Amino acid sequence: MIRGLGIVTVVAFLLVSFTPLPNVLNQWAGVTAQLQPAAAIVVLGGGMDGDGVLSTSSLRRAIHGIMLFQRGFAPLLAFSGPVSRPLGREEAEVRAEMARLLGVSPAAILTEATARTTRAEAVCMAALLQPRGVSTILLVTSYAHMARSRQLFENVGFTVQPAPVDDISHVHTPEARWESMRPLVQEFLARVYYRIAGYL
Amino acid sequence: MESVFILVVVGLTSAGAYILGITRLGFSKSGLWLALGKACECVGLTLVFCVLNLAVAMFAIFVMRSLSGRFVSLYIASDTTFFMLSWLQALAFQAWREGSRRHHTSESYDSELLHRQP
């Protein structure tokens, strides 16, 4: 039994490392971009270190959101991202500051720093944007995270146009294949949890 | 290209270890299949410990959330360290199991010898 499990694991390891299987799985699970003008661009949180440095994912999402704004896709740019301990800086505010430095008008920037889960981000963004008449959004998050996020934002009444970053479905080295599998597995487990909890 | 390179390097060192084992260290050829089977058992045990650690970690996070009222991210449970520690757990468990089996075998052999004595 244990030996059989080991053989299956070794075969799976070899398939992930040395075949395009991770690319196929990521293409199947991911959502492609639908870039059309919207009422707001919503950039989801991606994590920040305790010393106030944005994670790679957070930085990529923020830059993608700023680029979409600069290209005129929406008149509002909303950043999400909670307070990070111990310095007490908000991820959303750090990204807003970056957007201002890159030329985005302060009047066009909105921040939301209370939500700590994707579901909470959807609820809080609805409370922030829907009173302003926003119903159609360009949603910026990671490629693997988009399917669940899109569904959650649609559940709270938004029409969502996906604008994913980090397309990880075209990797070619064994290490990159493993790195691309991690968010895929995380998202799979998150979807299972959200389904059990009744959020999806 | 990288995939082929990695496979060639690992293939060469494996072949070297095989030749060394047969010619210098006196290992048996049939013992290799037994060793591969044991290695697969260890991999299987690593997976079992991984799943177990993940389940316990998620349960603990939910308990911490409900008891403290503070948000604890589920992403902690996906730390790579869990995988490395699961592998160590599996190695130790496997060695323990093998050691216990050998101990049982030698004990039963000793008692058999005792009973045979006139």
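Per chain, numbering begins at 1; letters A, B, ... match sequence-line order. Note that the structure is predicted; figures quoted are calculated from it, not measured.
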Following the transitive rule for hydrophobic clusters with a side-chain heavy-atom cut-off under 4.5 Å over Ile, Leu, Val, Met, Phe, Trp and Tyr, establish whether [X] and [Y] coincide in one cluster.
X	Y	value
A/F73	A/L139	no
A/V165	A/M146	no
A/V134	A/V43	no
B/M58	B/I76	yes
B/V43	B/F93	no

Residue B/S73 versus chain A: region with a heavy atom under 4.5 Å: neither
Per-residue contact mode, B/F62 against chain A (heavy atom under 4.5 angstrom): side chain
How about [atom1] on [X], more than 12 heavy atoms from neighbouring residues, nucleotides or ligands closer than 6.0 Å, or not?
X	atom1	result
B/F5	CZ	no
B/M84	CE	no
A/F188	CZ	no
A/M98	CE	yes
A/Y193	OH	yes
A/R71	CZ	no

Pair B/S78, A/Q186: side-chain N/O donor-acceptor within cut-off below 3.5 Å: yes
Contacts with chain B made by residues 2-22 of chain A (heavy-atom distance under 4.5 Å), listed by residue number: A/I2, A/R3, A/L5, A/G6, A/I7, A/T9, A/V10, A/S17, A/F18
Residues of residues 108-130 of chain A contacting chain B, heavy-atom criterion under 4.5 Å, by residue number: A/R116, A/T117
Leading residue by heavy atom contact count with chain A [cutoff under 4.5 Å; candidates B/L74, B/L45, B/I6, B/L7]: B/L7
